[in-house]
Amino acid sequence: MEQGFGSDPSGSTIDKTRVLDVKPLRCLSPVFPSASEMSSITTPQPSPFVCITPTGPFPSGVTPIFPFLSPDEPVRMGESSQQTPNQVPNQGTFGFGQPISPIPVNSFGNQTANGSSGHVNNVGDSGSGKKKGGPKKPRKVPPENVVEVDVEPLLNQLLMSFKLVDLDQAKKADGDKEVVRRILLVFDLFRRRMTQIDEPRYGAGSGRRPDLKASKMMMLKGMRTNQTKRIGNVPGIEVGDIFFFRMELCVVGLHAPTMSGIDYMSLKLTKDEEPLAVSIVSAGGYDDDGGDGDLLIYTGQGGVQRKDGQMFDQKLEKGNLALEKSVHRANDVRVIRGVKDVANPTGKIYIFDGLYKIQGSWEEKNKTGCNVFKYKLLRVPGQPEAFKVWKSIQQWRDGVVSRVGVILPDLTSGAESQAVCLVNDVDDEKGPAYFTYIPSLKYSKPFLTPRPSLGCQCIGGCQPDDTNCPCIQRNQCLLPYSSLGVLMTYKNLIHECGSACSCPPNCRNRMSQGGPKVRMEVFKTKNKGWGLRSWDPIRGGCFICEYAGEVRDIGYDRDDNYIFDATRIYEPLEAVHDYNDESRKVPFPLVISAKNGGNIARFMNHSCSPNVYWQLVVRESNNEAYYHIAFFATRHIPPLQELTFDYGMDKADHRRKKCLCGSFKCRGYFY
DNA sequence: GATGTCTCAAGATA
DNA sequence: CTATCTTGAGACAT
């Protein structure tokens with residue numbers, strides 16, 4: 001909320017009187033509501049406002065629309081659908097509002113089963129006959145009562161929302177930033193949605209490889225880009241971009257093989273062709289040496305029997321041959337470094353570390369005495385840092401090297417479980433204007449609900465397959481969060497567990513209640529005042545923080561630069577305008593000021609192409625409803641990338657400020 | 001073209 | 001926490 005502050009083109013300067021030195025910032029401890037405010041919470045008085053909950057009832061002339069579209073239909077089939085009163089017909093909800101119809105088991109991904117082929121439309125005939133007539137491989141049979149869900153309509157809706165339905169051949173061959181981003185978004189949203197649908201039906205984690213399912217269906221529809229192999233950078237992908245699945249590398253053409261570490265292409269240079277390496281993945285599968293960040297000693301492929309682990313000599317063929325040829329051609333080779341995902345010990349994160357050149361190769365004996373090929377790669381100079389940033393952060397964390405420019409090690413004074421440091425390595429400003437750090441939203445009085453809502457009895461936390469849990473029922477019978485805390489769908493409203501629930505604070509349905517899960521820092525930006533970023537990588541859909549502050553019941557000071565106003569017009573993520581044009585007019589009357597007190601969210605700057613979005617969350621207990629604004633990552637966010645969200649459009653055309661987000665679709669101003 | 005083999009996955013299970 | 005099992009997509013050889 002600092003953007004534009006002090007950067008007014010009219011020449012006004014920063015008000016130094018409002019900028020305090022380090023010491024007062026130590027006072028940023030949580031301040032709780034005064035006794036009188038407290039009492040209004042415990043004994044609610046008649047609310048002066050009209051009660052409008054996102055699910056209705058709505059005053060006459062008001063349509064429930066974005067971000068308060070109709071509740072999704074229950075997805076689980078074979079169960080009595082819990083129709084909520086006030087349910088309105090489904091409208092477009094970015095591909096997630098459609099009810100899902102059950103089709104017989106095995107029909108997904110196997111077009112020969114039960115004659116249910118044909119629901120994959122738009123498919124080239126290249127792969128459709130592959131399994132024709134062949135004997136079916138024995139498959140692990142899903143539990144008896146599991147009904148396979150036809151997820152294709154979900155993908156179709158997503159593709160429509162993100163304008164990918166008629167992706168032309170040129171874009172499939174060579175992408176750009178926009179196409180790459182949309183494809184990744186659809187892939188991840190689709191994958192997350194399938195994870196959510198599968199989990200209660202197959203058990204935790206599902207084991208159904210939703211990543212493979214998602215990529216398969218997208219590839220069948222030709223929804224991929226940069227399919228032409230190329231040497232060097234890939235359009236739309238920047239050095240430092242991160243990925244959470246090998247399939248993501250595949251659908252955007254950064255690294256085509258699904259498992260293999262070496263991607264190569266054949267190139268006609270003279271009269272005959274020769275294979276050249278274009279991309280490698282170093283992810284710990286072999287005994288590579290990661291070097292100091294600019295150097296990489298890469299091991300060739302092969303030499304080990306996958307089934308029994310038996311070793312033999314590597315051969316100079318396939319990827320190894322391509323790498324050998326590339327030594328002599330001295331072509332650029334993309335390097336993707338795989339690292340362990342701290343937030344998910346079984347998972348990996350893939351960092352695009354830019355272009356390298358192979359300096360040389362040799363053969364050596366490994367521990368078992370077999371010959372392996374080694375390739376020495378050196379990073380091409382002049383590229384933005386990527387993997388090196390990760391190494392630096394690790395050193396800060398380990399305390400080996402201290403972070404430059406730290407003003408305060410923890411500006412929350414312990415109010416959050418993770419420390420948030422205050423950093424300025426661009427100028428001598430000592431800190432933001434004084435405020436009180438409060439980790440959550442302060443209500444003077446809650447919204448009232450028309451009927452009392454029941455708390456759950458889930459002693460060990462709400463479980464995805466518990467159909468009796470009232471909190472899960474309120475979320476259309478699907479837990480909104482994955483086991484990793486990733487939001488699985490875009491919804492009008494998320495019902496989290498409230499104070500009347502028996503579940504513990506670490507319940508999966510209380511994701512927005514525990515404060516930030518990643519290591520944050522508030523830092524001085526070059527031209528936008530203070531900003532917020534994370535030391536940790538953030539997966540798309542991850543909870544970031546809520547917007548803490550004081551709920552404003554009666555208007556607010558227009559000079560308040562720390563307002564969150566849900567009554568503004570917000571674009572429904574990056575989905576197209578016309579798709580939900582009707583749907584973005586009725587706002588929710590929640591206005592928060594973080595001027596005097598707030599959390600890290602008050603430092604998030606505006607961007608017209610943001611990497612964070614907000615989502616309305618409600619925690620109910622009895623007749624009280626507490627609405628909160630929770631922020632989630634729109635996409636995978638690499639460490640130290642600034643976190644931004646769209647401040648929305650103000651209906652009254654006042655106090656617009658010049659936008660400095662630098663996005664190619666910048667509106668030029670913000671409110 | 002069907003089939004087999006290989007590959008720096010990703011989950012589930014033990 | 002790691003070891004191992006399981007199911008795999010796509011590239012290439014047979």
Side-chain angles (χ1 to χ4, degrees), chain A residues 108-110 125-142 187 191 194-195 198-199 202-220 224 227 229 243-251 253 255-266 273 275 277-290 296-310 312 314-315 317-323 334-342 344-351 353 366 372-375 377 482-484 539:
Chain A
F108 174 75
N110 184 347
D125 51 2
S126 52
S128 56
K130 222 175 176 180
K131 291 178 181 171
K132 191 166 48 182
K136 253 189 269 181
K137 270 187 194 171
R139 280 181 171 220
K140 197 170 152 187
V141 186
F187 171 85
R191 185 194 61 77
M194 284 194 292
T195 308
D198 274 356
E199 189 174 8
Y202 295 107
S206 86
R208 299 263 123 187
R209 292 301 298 267
D211 57 322
L212 298 185
K213 274 190 189 175
S215 60
K216 179 179 185 176
M217 201 173 258
M218 284 181 71
M219 285 169 177
L220 277 171
R224 56 193 299 184
Q227 268 191 276
K229 287 203 181 187
F243 305 85
F244 285 73
F245 291 90
R246 281 293 297 264
M247 278 304 177
E248 290 181 331
L249 307 177
C250 195
V251 292
H255 186 88
T258 55
M259 287 180 74
S260 177
I262 306 166
D263 192 7
Y264 54 97
M265 63 188 282
S266 152
E273 297 188 352
V278 295
S279 170
I280 56 170
V281 175
S282 173
Y286 290 83
D287 193 18
D288 293 346
D289 182 351
L296 173 65
I297 308 293
Y298 191 76
T299 310
Q301 65 185 190
V304 59
Q305 201 91 52
R306 239 187 133 71
K307 284 177 181 169
D308 49 17
Q310 206 183 336
F312 48 90
Q314 289 187 345
K315 293 179 197 131
E317 57 181 25
K318 297 181 186 174
N320 298 344
L321 183 61
L323 283 167
R334 298 187 293 273
V335 168
I336 296 125
R337 304 221 189 207
V339 297
K340 212 161 87 176
D341 182 0
V342 183
N344 176 23
T346 61
K348 273 177 191 162
I349 302 176
Y350 299 94
I351 308 155
D353 197 31
N366 66 6
V372 293
F373 296 104
K374 292 280 181 180
Y375 301 90
L377 291 102
S482 79
S483 52
L484 295 173
R539 198 187 263 254

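Below, chains carry the letters A, B, ... as their sequence lines are ordered, and counting in each starts from 1. Scope of the values below: all heavy atoms of this structure, side chains included, with no hydrogens, waters or symmetry mates.
Side-chain proximity of A:T299 to the nucleotides B:dC8, C:dA9, C:dG10 is greatest for B:dC8. Between B:dG11, B:dC8, C:dA9, one nucleotide has an atom nearer to the side chain of A:F245 than all others, and that is B:dG11. Checked against C:dG10, C:dA9, B:dG11, the side chain of A:M219 finds its nearest nucleotide in C:dG10.
Rounding to whole angstrom units, CD1 of residue A:I349 and P of B:dC8 are separated by 21 Å. Spacing between atom CD of A:E273 and atom C1' of C:dC12 amounts to 15 Å, rounded to whole angstrom units. A straight line from CD of A:E248 to P of C:dG10 spans 15 Å, rounded to a whole angstrom. In this structure, CG of A:N344 is placed 12 Å from P of C:dC1, rounded to the nearest angstrom. When the P atom of C:dG10 is taken as reference, atom NZ of A:K216 falls 8 Å away, rounded to whole Å. When the C1' atom of B:dA10 is taken as reference, atom CZ of A:R191 falls 11 Å away, rounded to whole Å. In this structure, A:D289 atom CG and B:dC8 atom C1' are separated by 15 Å, rounded to whole Å. The separation between A:Y298 atom OH and B:dT7 atom P is 12 Å, rounded to whole Å.
Under a 3.5 Å cut-off, the side chain of A:E273 and the backbone N or O of A:S266 do not form any donor-acceptor pair.
Not a single donor-acceptor pair, N or O on each side, falls under 3.5 Å between the base of B:dA9 and the side chain of A:R246.
Residues satisfying the ring-ring contact (aromatic ring centres under 6.0 Å, His included) criterion with A:Y286, sequence neighbours excluded, are absent altogether. Remark: A:D353 engages A:R337, A:Y356 in a side-chain hydrogen bond (donor to acceptor under 3.5 Å, both in side chains) (not counting sequence neighbours). With sequence neighbours left out, A:K340 forms a side-chain hydrogen bond (donor to acceptor under 3.5 Å, both in side chains) with no residue at all. In this structure, the side-chain hydrogen bond (donor to acceptor under 3.5 Å, both in side chains) partners of A:K374, at least two apart in sequence or on a different chain, are A:T299. In terms of the side-chain hydrogen bond (donor to acceptor under 3.5 Å, both in side chains) criterion, residue partners of A:S279 (sequence neighbours excluded) are, by chain and number, A:H255.
Phosphate proximity of B:dC8 to A:Y350: absent, as no side-chain N or O sits under 4.0 Å from OP1 or OP2. Neither OP1 nor OP2 of B:dT7 sits under 4.0 Å from any side-chain N or O of A:K318.
A:G302 comes within 4.0 angstrom of the backbone, heavy atoms only, and of no base. When heavy atoms are screened at a 4.0 angstrom cut-off, A:D288 is found touching base atoms of the nucleic acid. Among the heavy atoms of the strands lying under 4.0 Å from A:V304 are primed sugar atoms or P, OP1, OP2 only; no base atom is included.
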Practice task
Dot-bracket notation for DNA chain B is requested: 5' to 3', Watson-Crick or G-U wobble pairs only, both distances under 3.5 Å, with ( ), [ ], | and . as defined.
Solution key: .||||||.||||||
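Contact of the A:Y298 side chain with the A:L377 side chain is registered, since non-hydrogen atoms from C-beta on lie closer than 4.5 Å.
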Exercise for the section: I would like to know whether A:N320 and A:I262 meet side chain to side chain contact (heavy atoms under 4.5 Å, CB included); could you show each step before the answer? Expected result: CA-CA 8 Å; A:N320 298 344; A:I262 306 166; 3.8 Å; yes
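Mapping A:P345 and A:M247 onto DNA chain C via the closest heavy atom, the residue that lands nearer the 5' end is A:P345. Of the two residues near DNA chain C, A:K229 and A:M259, the one whose nearest nucleotide lies more 5' is A:M259.
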